[in-house]
Amino acid sequence: MKREIKFKLNGEEVTAEVESHWTLLYFLREVLKLKGTKEGCGYGECGACTVVIDKMAVNSCLFPVMEVNGKDVLTIEGISGPGEALHPLQKAFIEEGAVQCGFCTPGMIMSAYALFEEKKNPDDEDIKEAIEGNLCRCTGYVKIIDAINAAKRGK
Ligand code: FES
Ligand code: FES
């Protein structure tokens, strides 16, 4: 059954007709064609689909799209600055060599983004906790933690 929802997506008001069984991930990727948010496992285990909803990191593959009604959603497409300047986290991931295949990267960055919303000066334990639900098959995580620390210093 279709319902109308209204919410904020990357700073813009969105009104859409959605099916009640759709996930937010399906809506982002297949309806809006925002392909930055990745689908890995599809059941809450890998974090590739992480977006930020009302400042909290959320697995969009498990989040019913109906529930974004009235909320503020941010995806990897929405964090760059004016003129599409890279966000400090995006720059740091590139500069610290934290991107290999890149499949986990949008989710990692959105988890780190939510961490920075919560804590201005997170330590390594905070960072590890923030990304514990984000799997990376390539980097071994050290460079990802370095990148998040570098972004923190650059903020
Ligand atoms: S695709 Fe959502 S947690 Fe893996
Ligand atoms: S860079 Fe390949 S999965 Fe993380």
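In what follows, every heavy atom counts, from backbone to side chain, and hydrogens, waters and symmetry copies are set aside. Quick caveat, the model's predicted, so the values are computed rather than measured.
- Looking at L34 and L9, their side chains come closer than 4.5 Å, going by heavy atoms from C-beta outward.
- Checked options I76, I79, L74; the residue passing with N10 is L74 (criterion: side chain to side chain contact (heavy atoms under 4.5 Å, CB included)).
- The shortest distance between side-chain heavy atoms of V31 and V18 does not fall below 4.5 Å.
- Panel note: side chain K35, backbone R29; a donor-acceptor pair is recorded below 3.5 Å.
- Counting heavy atoms from C-beta outward, F93 and M108 have side chains that approach closer than 4.5 Å.
- A heavy-atom distance below 4.5 Å is found between the side chains of Y141 and L135.
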Step-by-step side-chain contact (heavy atoms from CB on, under 4.5 Å) determination, Y26 to V65: CA-CA 8 Å; Y26 176 86; V65 69; over 6 Å; no

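- Taking CE of M110 as the start and OG of S60 as the end, the distance is 10.0 Å to the nearest 0.5 Å.
- Both L32 and M66 are assigned to one and the same hydrophobic cluster, defined by single-linkage of ILVMFWY side chains at heavy-atom distances under 4.5 Å.
- A pairwise comparison of heavy atoms in P122 and N149 identifies O-OD1, 4.4 Å as the closest pair.
- Considering only heavy atoms from C-beta on, V73 stays 4.5 Å or farther from V58 through its side chain.
- Rounded to the nearest 0.5 angstrom, W22 CH2 and I5 CD1 are separated by 9.0 Å.
- Comment: K91 does not engage E96 in a salt bridge, judged by the lack of any side-chain N to carboxylate O separation of less than 4.0 angstrom.
- Other residues, nucleotides and ligands contribute over 12 non-hydrogen atoms within 6.0 Å of the CD atom of E17.
- In terms of modelled atom types and a separation under 3.5 Å, the side chain of D123 and the main chain of E125 share a donor-acceptor contact.
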Residues I144, N134; criterion side-chain contact (heavy atoms from CB on, under 4.5 Å); working and verdict: CA-CA 11 Å; I144 290 172; N134 294 84; over 6 Å; no

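- D146 CG to E95 CD: the interatomic distance, rounded to the nearest 0.5 Å, is 13.0 Å.
- By the rule that hydrophobic residues join a cluster once side-chain heavy atoms approach within less than 4.5 Å of another member, I53 and L89 end up as members of separate clusters.
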Stepwise side-chain contact (heavy atoms from CB on, under 4.5 Å) test for F63 and L25: CA-CA 8 Å; F63 202 88; L25 178 62; over 6 Å; no

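- C46 SG to R137 CZ: the interatomic distance, rounded to the nearest 0.5 Å, is 9.5 Å.
- Here the closest non-hydrogen pair linking F7 and V68 is CB-O, 3.1 Å.
- The shortest distance between side-chain heavy atoms of F116 and I148 falls below 4.5 Å.
- Side-chain contact check for S111 versus I131: some heavy-atom pair is nearer than 4.5 Å.
- Side-chain atoms of D54 come within 3.5 Å of backbone N or O of D72 as a donor-acceptor pair.
- Checking side-chain atoms of Q90 against main-chain N and O of H87 turns up a donor-acceptor pair under 3.5 Å.
- The backbone N or O of E117 lies less than 3.5 Å from no partner atom in the side chain of K120, so there is not a single donor-acceptor pair.
- Other residues, nucleotides and ligands contribute only 12 or fewer heavy atoms inside 6.0 Å of the NZ atom of K8.
- When the options R3, E4, K6 are evaluated for a side chain to side chain contact (heavy atoms under 4.5 Å, CB included) with N69, the one that passes is K6.
- Between T139 and Q100, the shortest heavy-atom contact is CA-NE2, 3.8 Å.
- For the residue pair S80 and A85, the shortest heavy atom distance occurs at CB-O, 3.1 Å.
- Annotation: side chain of M1 is not in contact with side chain of H21 (no heavy-atom distance under 4.5 Å).
- Minimum interatomic distance between E39 and G42 (heavy atoms only, all atoms of both residues): OE2-CA, 3.7 Å.
- Closest heavy-atom contact between A57 and T50: CB-CG2, 3.8 Å.
- V14 is connected to L28 through a chain of hydrophobic side-chain contacts under 4.5 Å among Ile, Leu, Val, Met, Phe, Trp and Tyr, so both are in one cluster.
- Residues passing the side chain to side chain donor-acceptor pair (under 3.5 Å) test with E77, sequence neighbours excluded: T75.
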